[in-house]
Amino acid sequence: MRQSRLFAPTLKESPADAEIASHRLLVRGGFLRRVASGIYDFLPLGVRVLRKIEGIIREEMNREGAQEVVLPILQPRELWEESGRWSRYGDEMMRLKDRAGRDFGLGPTHEEMITALVRDNISSYRDLPLNLYQIGAKFRDEVRPRFGLLRAREFIMKDAYSFDRDEEGMRESYRAMYRAYSRIFDRCGVRWMAVEADTGLIGGDVSHEFMVLAGVGEDRVAYCEGCGYAANINLAEFRREPLSGPERPLEKVSTPGQKTVEEVSGFLGVEPRHLIKCLMYLVEGKPVAVLVPGDREAGEVKLERVLGTSEFRLFHQGDWDNFPQYVQGFVGPVGLDGVDVLADLSLRGARGMVCGSNEEDHHLVGVEVGRDFQPNRFLDLALARDGDPCPRCEGVLRVAAGIEVGQIFQLGLKYSLSMGCTYTDEKGEERPVHMGCYGIGVTRLMAAIVEQHHDERGIRWPLEVAPAHVHLVPLNYEKEERRKAAEDLYRQLLEEGLEVLLDDREESAGVKFADSDLFGIPYRLVLGRVYEESGKVELQVRSTGERAVISPEEAAGQVRQALGRIGA
RNA sequence: CGGGGUGUAGCGCAGCUUGGUUAGCGCGCAUGCUUUGGGAGCAUGAGGUCGGCGGUUCGAAUCCGCCCACCCCGACCA
């Protein structure tokens, strides 16, 4: 690759709309340009990185026996009606009509397409198991696209779907994908973590998310360094320790105008955790009380799981008006009749607590759970926090921000039942196929790699996903002998099988180095003064800043060696 | 959807409060000369529907209205 002909316009300054490092540096380095909100052009260098990542994914998917297919982006409404998601998917699906007025959606995911393909073309247990995957564009009309490639409206995704005869087969397919994903993220050079996850709109029972730890991540994960327990914060468990405030007799006290946890705890001189926060939810039109300690948040994903419906919300102002028996700011579980009361596990047996009295301007103190009121159920409802005890061992949970780069699901029979994807077993009986699905956000992964590998000057690509292995940077390129030496070395390196970018521009050293830093190619060979004096080149390692003056042959050898270590 | 902000040359910005000649600066670009180990210097030059539409006015980048786009926070989504 000759830089003089390479379309990689670099920028000295960050574009005004780029906030985070990956977005800024990918644009400045000439990898990426914005077209519209959440929609991007990939320039040649960006495409090279994408193809590297895709190559790794293909190898590892194929290694586990998955087969590549290409499914349409443009998808007819009828198939989405079969799964029931044409209406349920909502505004996040981009929709359009053809000239005859027929409805189509731009695929936000491909369960419908793949299930239809497989059900129409398999019939026997002999056809299973089957694992099909594709790498291609997905469209999601995000409420708020942001952070460059991390939350885009059009993005590239690898999605795979497994089809098995039974549950055990499905679990084995799931394990295979877990292994493949582990190798993929290792090879992409990111520090990652697999966490237990919610299944959301996709559905199913068991799921893991693959998180790349990074400050800009929109997800939070809780993990234990002791036993390896790790889960999305939305459903992370934690061990409850006995919770009791100062012992005192049950008593109603005046708390005029004190409504929030902060107000009440300050007014009464009680720690927030010794308050019982009583949250009123409207669940499918009916009120439900949710109790958590005053210093904790209720997790809505946890709530969704125990309620078995996503049709619930915290009381709005209008709900308080419709249910005047609940006194806003003073609701409490004692004497709260005719409503389901769900309490977080931490409240079991708690004494000396403070809660609302269901009477304006009054709270109860000295409340004992079980004596003064009995919740319908004790459940895991509160969100874990950094420092909470691990649910599985004596360790402590840490909470960190992460970027979700992949998620795998055991779908079970969800789509095969609704779409009639069945096979005939050995006994001639018709059975539904057990499915799994497995996604990797390829473009998001590219951004996540940059988030973990950059400095203030530019990107530092891990060798295996870098746009090239070596950046050959001759200075004083206008000098005939320098040009000739560079061309010779360029040819040598290519013959070694290396991917080389030659900076054959007559630019100043400063310009060349600045662009080189932005590109982030792992190895830089500088042909300059040192070469003139000794015939040697300077090898610079982008990730560590190491420099060594060595002969051109040695330099090529070192890069080859590094490539050998990663098996490339 | 709510709140905040921005829109002026390829990029980054000033000018707008208080309307008034050819709308500025830096970078980039072109040409020439001099430079060449960390984004060189000098000279010359090209490049603008000032986001759009409408209004006020003798006169609008500037004031008013509507619309559009983009960014941030939140809600939503997962």
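All values below were derived from every heavy atom in this structure, side-chain atoms included, with hydrogens, water molecules and symmetry-related copies excluded. Below, read A as the first sequence line, B as the second, and so on, with proteins coming before strands; counting in each chain starts at 1.
- With both pairing distances under 3.5 Å, B:rC53 is matched to B:rG65 as a Watson-Crick or G-U wobble pair.
- The partner of B:rG38 cannot be assigned: no Watson-Crick or G-U wobble pair with both contacts below 3.5 Å exists in any strand.
- Side chain of A:H23 to backbone of A:I20: no donor-acceptor contact under 3.5 angstrom is found.
- The CD atom of A:E218 sits 9 Å away from the P atom of B:rC73 (whole-angstrom rounding).
- Ring-plane geometry between A:W192 and A:F185 is classed as tilted, the angle between the planes lying from 30 to 60 degrees on a 0 to 90 degree scale.
- Between B:rA69 and B:rU21, the two P atoms lie 34 Å apart (nearest whole Å).
- Within the 6.0 Å centre-distance limit, the rings of A:Y89 and A:W80 are counted as a close aromatic pair.
- The backbone N or O of A:G439 lies less than 3.5 Å from a partner atom in the side chain of A:Y181, making a donor-acceptor pair.
- Proximity of A:S508 to the phosphate of B:rG39: no side-chain N or O atom is located under 4.0 Å from OP1 or OP2.
- Taking atom P on both nucleotides, B:rG47 is separated from B:rA9 by 15 Å, rounded to a whole Å.
- We find that CG of A:D17 is positioned 19 Å from P of B:rG5, with the value rounded to whole Å.
- With a 6.0 Å radius and a threshold of 12 heavy atoms from other residues, nucleotides or ligands, A:R191 has its CZ atom at or below the threshold.
- Between A:Y178 and A:F210, the ring centre distance stays below 6.0 Å.
- Distance A:Y477 OH to B:rU35 P: 22 Å, rounded to the nearest Å.
- Rounded to an integer number of Å, the gap from CG of A:L525 to P of B:rG37 is 19 Å.
- Nucleotide B:rA60 has no partner under the Watson-Crick or G-U criteria, as no pair reaches both atom distances under 3.5 Å.
- If you take CZ of A:R144 and P of B:rC71, they are 9 Å apart, rounded to a whole angstrom.
- A:E538 comes within 4.0 angstrom of a base, heavy atoms only.
- Looking at heavy atoms from C-beta onward, A:H208 lies in side-chain contact with A:E196 at the 4.5 angstrom threshold.
- Pairing for B:rA30 is with B:rU44, a Watson-Crick or G-U wobble pair whose two hydrogen-bonding atom distances lie under 3.5 Å.
- When the P atom is used for both B:rU44 and B:rC25, the distance is 13 Å, rounded to whole Å.
- When heavy atoms are screened at a 4.0 angstrom cut-off, A:R28 is found touching base atoms of the nucleic acid.
- If you check B:rC77 for Watson-Crick or wobble pairing at under 3.5 angstrom, you find it has no partner at all.
- In this structure, A:R220 reaches neither bases nor backbone, as no heavy-atom distance under 4.0 Å exists between it and the strands shown.
- Separating the C1' atom of B:rG39 from that of B:rC11 is a span of 14 Å, rounded to the nearest Å.
- Base pairing annotation: B:rC13 forms a Watson-Crick or G-U wobble pair with B:rG24, both donor-acceptor distances under 3.5 Å.
- The residue A:L518 sits close to a base: some heavy atom pair falls under 4.0 Å.
- When distances are taken from the side chain of A:E478 to each of B:rG38, B:rU36, B:rC13, the shortest belongs to B:rU36.
- Comparing B:rC11, B:rG74, B:rC77 by their closest approach to the side chain of A:R146 singles out B:rG74.
- Judged by closest nucleotide on RNA chain B, A:V526 is the one of A:E300 and A:V526 placed further toward the 5' end.
- The nucleotide whose nearest atom lies closest to any side-chain atom of A:R547 is, among B:rA75, B:rG37, B:rC70, B:rG37.
- Here the side chain of A:A36 is nearest to one of B:rC77, B:rG37, B:rC70, namely B:rC70.
- Of all the heavy atoms in A:Y229 and A:P391, the pair that sits closest is CE2-CG, 3.7 Å.
- Atom C1' of B:rU6 sits at a distance of 11 Å from the matching atom of B:rG51, rounded to the whole Å.
- We find that CZ of A:R88 is positioned 20 Å from P of B:rC76, with the value rounded to whole Å.
- As rounded to the nearest Å, B:rG26 and B:rG20 have C1' atoms that lie 28 Å from one another.
- Of the candidates B:rG38, B:rG37, B:rU36, B:rG38 carries the atom nearest the A:R457 side chain, counting heavy atoms from C-beta on.
- Across the P atoms, B:rC13 and B:rC71 are found 14 Å apart, a figure rounded to whole Å.
- Contact annotation for A:V530: base contact, defined as any heavy-atom pair under 4.0 Å involving a base atom.
- When rounded to the nearest whole Å, the span between CZ of A:R140 and C1' of B:rC76 equals 15 Å.
- The side chain of A:R34 has B:rC71 as its nearest neighbour among B:rC71, B:rG37, B:rC76.
- Picking from B:rG26, B:rG37, B:rA40 the nucleotide with the shortest atom distance to the side chain of A:V511 gives B:rA40.
- Contact check, A:K12 against B:rG28: a side-chain N or O comes under 4.0 Å of OP1 or OP2.
- Within the 4.0 angstrom heavy-atom criterion, no nucleotide atom of any strand lies near A:R33.
- Each of B:rC77, B:rG37, B:rC71 was ranked by its minimum atom distance to the side chain of A:S37; first place goes to B:rC71.
- Backbone-only contact: A:A509 has heavy atoms under 4.0 Å from sugar-phosphate atoms and none from a base.
- In the set B:rC73, B:rG39, B:rG37, the nucleotide with an atom closest to the side chain of A:D515 is B:rG39.
- Using atom P as the reference point in both B:rU49 and B:rG10, the two lie 8 Å apart (nearest Å).
- Checked against B:rC11, B:rG37, B:rU36, the side chain of A:E13 finds its nearest nucleotide in B:rC11.
- Rounded to an integer number of Å, the gap from CG of A:D141 to P of B:rA78 is 14 Å.
- Ring pair A:F315/A:Y326 is perpendicular by interplanar angle, where above 60° counts as perpendicular and below 30° as parallel.
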